Amino acid sequence: EKKIMSLAENANCKICNWLLQSAPPDEVEKFLPTQRTLIKAHPEYTYPTFYLAKMLLKCGRNEEAIMELKPFVRQKSGDFWVWELLGDAQETVEESLPYYSKALLCRSKEEFLVKLYEKVGLVFAQVEQYPLAHTLLDKAIEIRKSHGWHAGYDLIQSIRQNWYLNSE
């Protein structure tokens with residue numbers, strides 16, 4: 001039986017997405033108490049905690065974001081986005097790699113993972129693990145082509161770099 005998201009939770013997701021994409025960190029910071037109130041009032045909602053963690057990351061409060069995510073790790077350990085968010089919360093690229101790698105191992109539809117393939121591919125390129133980076137970016141390109149999706153600017157720029165052109 002699949003649970004349908006309530007209208008209130010859906011609206012909260014839309015508001016949080018807008019804040020994360022459009023608002024500066026100080027405006028996001030002002031919304032954090034509202035988000036915490038919603039979480040306390042409705043512990044049955046799944047996504048407000050996820051968005052709280054993302055907003056904390058945007059505000060530079062990584063340790064707090066990790067603490068908010070710990071219950072999620074137990075509940076949703078098979079979901080790639082939990083591990084991706086934990087990777088995003090780490091201080092260094094090297095610390096994030098184990099979490100991103102775990103995210104890639106989770107079972108999920110490829111179309112959900114395409115942005116993760118791109119992100120992790122770029123992270124592996126940063127640490128000069130070019131064959132892995134190349135493979136992940138190729139996978140992202142393959143998925144995008146199979147769905148008729150365009151490649152983003154970062155992906156196009158990456159596949160034009162020497163490290164990509166000279167590795168496989």
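Numbers here are sequence positions counted from 1. Just so you know, these numbers use all the heavy atoms, side chains as well, and skip hydrogens, waters and symmetry mates. Everything numeric in this text was worked out from a predicted model, so none of it was measured.
- Considering all non-hydrogen atoms of both residues, A65 and A53 come closest at CB-O, 3.6 Å.
- The nearest pair of heavy atoms linking C59 to V28 is SG-CG1, 3.8 Å.
- Although no hydrogens or angles enter the test, the distance criterion places a donor-acceptor pair under 3.5 Å between the side chain of S146 and the main chain of I143.
- Side-chain atoms of K58 come within 3.5 Å of backbone N or O of L20 as a donor-acceptor pair.
- For residues 11-40, no residue pair satisfies the ring pair (Phe, Tyr, Trp, His ring centres under 6.0 Å) rule, not counting sequence neighbours.
- Contacts of L132 classified as side-chain contact (heavy atoms from CB on, under 4.5 Å), with partners at least two apart in sequence or in another chain: F124, Q129.
- By the 4.5 Å heavy-atom criterion applied to side chains, L52 and L56 are counted as neighbours.
- Going from atom OH of Y164 over to atom CD of Q157 covers 13.5 Å, rounded to the nearest 0.5 Å.
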For this session: Check the pair E64, R36 against salt bridge (charged side-chain N to carboxylate O under 4.0 Å, His left out), reporting the backbone distance first and the verdict last.
Result: CA-CA 13 Å; E64 211 174 325; R36 290 184 192 283; 2.4 Å; yes

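- Between F50 and Y47, the ring planes lie perpendicular to each other; the angle is over 60°, past the 30° to 60° tilted range.
- With hydrogens and angles disregarded, no donor-acceptor distance shorter than 3.5 Å links the side chain of E27 to the backbone of A23.
- Nearest heavy atom pair, residue C106 against residue G78, reads CB-O, 3.3 Å.
- Here the CG-CG distance, from L116 to L136, works out to 8.5 Å after rounding to the nearest 0.5 Å.
- Between Q35 and P48 the shortest side-chain heavy-atom distance falls below 4.5 Å.
- Under a hydrophobic-cluster definition in which Ile, Leu, Val, Met, Phe, Trp and Tyr are linked whenever side-chain heavy atoms come within less than 4.5 Å, directly or via other members, I15 and I39 are assigned to the same cluster.
- Residues K102 and S77 share a closest heavy-atom pair of CE-O, 4.5 Å.
- In this structure, OH in Y130 is found 14.5 Å from OG1 in T135, a value given to the nearest 0.5 Å.
- Within the 4.5 Å cutoff, no side-chain heavy atoms of L104 are placed close to those of F80.
- The closest side-chain heavy-atom distance from L85 to L57 is below 4.5 Å.
- E118 and K115 are not joined by a salt bridge, as no carboxylate oxygen comes within less than 4.0 angstrom of a charged side-chain nitrogen.
- With 3.5 Å as the limit, one finds a donor-acceptor pair spanning the side chains of N17 and Y51.
- To the nearest 0.5 Å, atoms CZ (R160) and CG (L155) are separated by 10.0 Å.
- Salt bridge absent: E110 and K145 never bring a charged side-chain N and a carboxylate O closer than 4.0 Å.
- Between the side chain of N166 and the main chain of N162, a donor-acceptor pair closer than 3.5 Å is present.
- A ring pair (Phe, Tyr, Trp, His ring centres under 6.0 Å) check over residues 82-113, counting only residues at least two apart or in different chains, returns nothing.
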For this session: Determine, stepwise, if the pair K54 / C16 fulfils side-chain contact (heavy atoms from CB on, under 4.5 Å).
Result: CA-CA 9 Å; K54 286 191 77 89; C16 292; over 6 Å; no

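- A distance of 8.0 Å separates CG of N62 from CD of Q90, quoted to the nearest 0.5 Å.
- Residue S96 comes nearest to G87 through the heavy atom pair CB-O, 3.1 Å, listed as atom of the first residue, atom of the second, then distance.
- The nearest pair of heavy atoms linking A89 to I66 is CB-CG1, 3.5 Å.
- Between R144 and E111 no salt bridge is recorded (no basic side-chain N to carboxylate O distance below 4.0 Å).
- Annotation for K119: atom NZ counts as buried by contact number, over 12 foreign heavy atoms lying within 6.0 Å.
- In this structure, the separation between OG1 on T49 and NE2 on H42 is 12.5 Å, given to the nearest 0.5 Å.
- With hydrophobic clusters built from ILVMFWY side chains whose heavy atoms lie under 4.5 angstrom apart, V93 shares a cluster with V120.
- For H147, the NE2 atom sits in a packed shell: over 12 heavy atoms of surrounding residues, nucleotides or ligands are nearer than 6.0 Å.
- Side chains of D138 and Y117 form no contact here, defined as non-hydrogen atoms less than 4.5 Å apart.
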